[in-house]
Number of protein chains: 2
Amino acid sequence: MIPPLMNTASRKQREIAAREELILDCAARLLGEVGYQGLSMDRVAEAVEYSKGTIYQHFDCKEDLLAGLCLRSSQDLYDLFSRAAGLDLSPRERLIAIAFAYQLFIRLHPLEFANMQTLKSATVREKTSAENRCAMQTIEAQVMNTLTQVVRDGVSSGDLTLPQGLTCEELIFCLWATQYGAASLGISGIPFADYGVPSIAGALQKFNNNLLDGLNWHPVSKEFDYAATQRYLEQQVFNAELRMLQDDAETRQRKSS
Amino acid sequence: MIPPLMNTASRKQREIAAREELILDCAARLLGEVGYQGLSMDRVAEAVEYSKGTIYQHFDCKEDLLAGLCLRSSQDLYDLFSRAAGLDLSPRERLIAIAFAYQLFIRLHPLEFANMQTLKSATVREKTSAENRCAMQTIEAQVMNTLTQVVRDGVSSGDLTLPQGLTCEELIFCLWATQYGAASLGISGIPFADYGVPSIAGALQKFNNNLLDGLNWHPVSKEFDYAATQRYLEQQVFNAELRMLQDDAETRQRKSS
DNA sequence: TCAGAATTTGACGTATTGTCATTTTTCGAC
DNA sequence: GTCGAAAAATGACAATACGTCAAATTCTGA
């Protein structure tokens, strides 16, 4: 039998973990309701119905709490990436699936994405706990690894021959940068729709296809119907997420009317 | 003769404009010294040797002051872009020059770039004055226009045939996103050097070249020595800026030792 | 039931933003 | 040069938020 000491200890641990989740849940909800400026530790304490001191036992400072949110979001993102990378498709299709998952995540969790951006700024980052930073790095390494593997698969299957001098990692970095940059610019307030870019996701899709064709990553789009891949992703793989997106949009519309 | 009333009025205006510059200068310096967190309006007031109330006559709130900094940086960036776009080179070379200028700017003014990112977050942006927002939009439109024009030149000169469905604006947006995203990821603290990307600028150069070759933008790199273009940019066009960068690095090294 | 440990609490010290009544300076007319 | 009004500068003050810590409360094992 498990000794009673250990039993209570583990119960305590579970309670603490549960409350940490509760705090993060409330913080996430508040972030949506009152925005980044309006989010205060007092408000969080009130929302979770614990005192501020208790919150501070879980998180060293406000930045650390935000970093906790960021960490959870990153984990969610990684899970989406993993699903995309693990699909039974050609490497090039899987890369497209990952890009799709990324843009989907950003549309599903715009606040978290904005939060992640703020959190990554140097001044905030250096105030977060070493624990959080470490966990974050682990996820980042996993993401980088998952992404790079898809390109490696493309190379080893013979679908892709990397141009002289360009490594897998560099290619992935630049692809990542494109997706990330596009999303960042998308929420930056610059009215790109007025400047001839009606749909960022659409522009990215076309760009990616042309880029991969340009690298001669087989099957190239003349030989394969990548629009069908998009449909497959939308209607089968990420159908649930897209539905949530629609529901959210409807709820918001109903609220505002 | 100019009537005395107008004389004093314009002098006042000049004084006010000069002090606004002074405030921005001090704020920029403080931002470098004490960081974003440590920057307070009291400190700025102390640095410019005026009272806080006077600062608030120039800027509605702290965010507005930061937006002022952001605006100045954007103007500097636009000036660099204009220089690059106005060079007597082929369209493809000019595009490379612009990308070079962008990465150069970010290395020259990392704090301003980080600041610009923070400022673009929705919560901060909506607190800035309408005046600042409008000025910002003007610059953004100018940048977009300058960039798009280079692609249009490529098309009209026959060097580039856009693939079916992809517009100039969408292509520029994606290129911009790549540069912006790469810079953002670069300052995000993710140790890409450990993940096989030793030099972000280097990765971008190779990526851009391959991308433009893939789009069959003439002259393609087999027909033209783009490394020579890079050298030309480094040694002739942006030599002064690169020197400043080196000087900065030396100063920093001397400080820390 | 109880003593001691662990946990929770919220009032408090410090810092920061933004305001506004008061003081100081400037300006033009006489 | 002097005066009164207008413009500008000042800094004390209210409001708010972060993070701390001594006191209060709860829990635990005997």
Side-chain angles (χ1 to χ4, degrees), chain A residues 1-20 22-23 26-27 30-31 34-68 118-119 123-124 126-129 132, chain B residues 1-20 22-23 26-27 30-31 34-68 118-119 123-124 126-129 132:
Chain A
M1 272 289 157
I2 301 159
L5 180 76
M6 185 153 178
N7 225 344
T8 54
S10 79
R11 176 172 59 76
K12 267 284 150 66
Q13 273 189 319
R14 262 182 293 121
E15 277 176 7
I16 286 175
R19 194 169 52 197
E20 194 148 317
L22 177 68
I23 295 172
C26 286
L30 277 174
L31 202 61
V34 298
Y36 182 80
Q37 296 278 337
L39 187 78
S40 73
M41 297 303 261
D42 284 291
R43 245 190 264 263
V44 173
E46 192 188 14
V48 296
E49 295 184 314
Y50 280 96
S51 74
K52 202 161 47 157
T54 304
I55 310 288
Y56 274 97
Q57 279 189 336
H58 289 268
F59 302 96
D60 291 346
C61 60
K62 187 183 176 182
E63 281 75 19
D64 208 38
L65 171 58
L66 275 284
T118 313
L119 262 293
T123 39
V124 180
E126 65 199 14
K127 285 193 76 177
T128 60
S129 69
N132 253 331
Chain B
M1 271 291 159
I2 302 159
L5 181 75
M6 186 154 177
N7 225 343
T8 56
S10 80
R11 176 173 59 77
K12 266 283 149 64
Q13 272 189 319
R14 262 182 291 123
E15 276 176 11
I16 287 175
R19 195 168 52 199
E20 195 148 316
L22 177 68
I23 294 171
C26 285
L30 277 173
L31 202 61
V34 298
Y36 182 80
Q37 297 277 337
L39 188 78
S40 73
M41 296 303 259
D42 283 293
R43 246 190 263 264
V44 173
E46 193 188 13
V48 297
E49 294 184 313
Y50 280 96
S51 75
K52 199 162 47 160
T54 304
I55 311 288
Y56 274 97
Q57 278 188 336
H58 288 269
F59 302 96
D60 290 347
C61 59
K62 188 182 175 181
E63 281 74 20
D64 209 39
L65 172 57
L66 276 284
T118 314
L119 261 292
T123 40
V124 180
E126 65 201 12
K127 286 193 75 180
T128 59
S129 69
N132 253 331

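Just so we're on the same page: letters track the sequence lines, and every chain starts at 1.
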Around A:E15, counting heavy atoms of other residues, nucleotides and ligands shown, do more than 12 lie under 6.0 Å from its CD?
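Yes, CD of A:E15 has more than 12 neighbouring heavy atoms, counting only those of other groups under 6.0 Å.
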Closest to side chain of [X], choosing from [options]:
X: B:K127; options: D:dA9, C:dT17, C:dG18; value: C:dG18
X: B:Y56; options: C:dT16, C:dT8, C:dT19; value: C:dT19
X: B:S40; options: C:dG18, C:dT17, C:dA11; value: C:dT17
X: B:Y50; options: D:dT10, C:dG18, C:dG10; value: D:dT10
X: B:D42; options: D:dA9, C:dT16, C:dT8; value: C:dT16

Counting only side-chain nitrogens and oxygens, does [X] get under 4.0 Å of the OP1 or OP2 atom of [N]?
X: A:R43; N: D:dC18; result: no
X: A:Q57; N: C:dT7; result: no
X: A:R19; N: C:dT8; result: yes

In Å and rounded to the nearest 0.5 Å, what is the NZ to CG distance from A:K62 to A:L39?
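Here the rounded value is 5.5 Å.
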From CD (A:E20) to CG (A:L65), nearest 0.5 Å:
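It comes to 9.5 Å.
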Indicate yes or no: at least one non-hydrogen side-chain atom of A:D64 is less than 4.5 angstrom from one of A:H58.
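Contact flag for A:D64/A:H58 side chains = no.
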5' precedence on DNA chain C between A:H58 and A:K52 (nearest-nucleotide basis):
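It is A:H58 whose nearest nucleotide is closer to the 5' end.
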Scan B:L39 against the nucleic acid and name what it touches under 4.0 Å (heavy atoms): base, sugar-phosphate only, or nothing.
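Sugar-phosphate: the residue B:L39, judged by heavy atoms under 4.0 Å, touches backbone atoms but no base.
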Check the distance between C:dT16's P and B:L30's CG and give it to me in whole angstrom.
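The answer, rounded to whole Å, is 12 Å.
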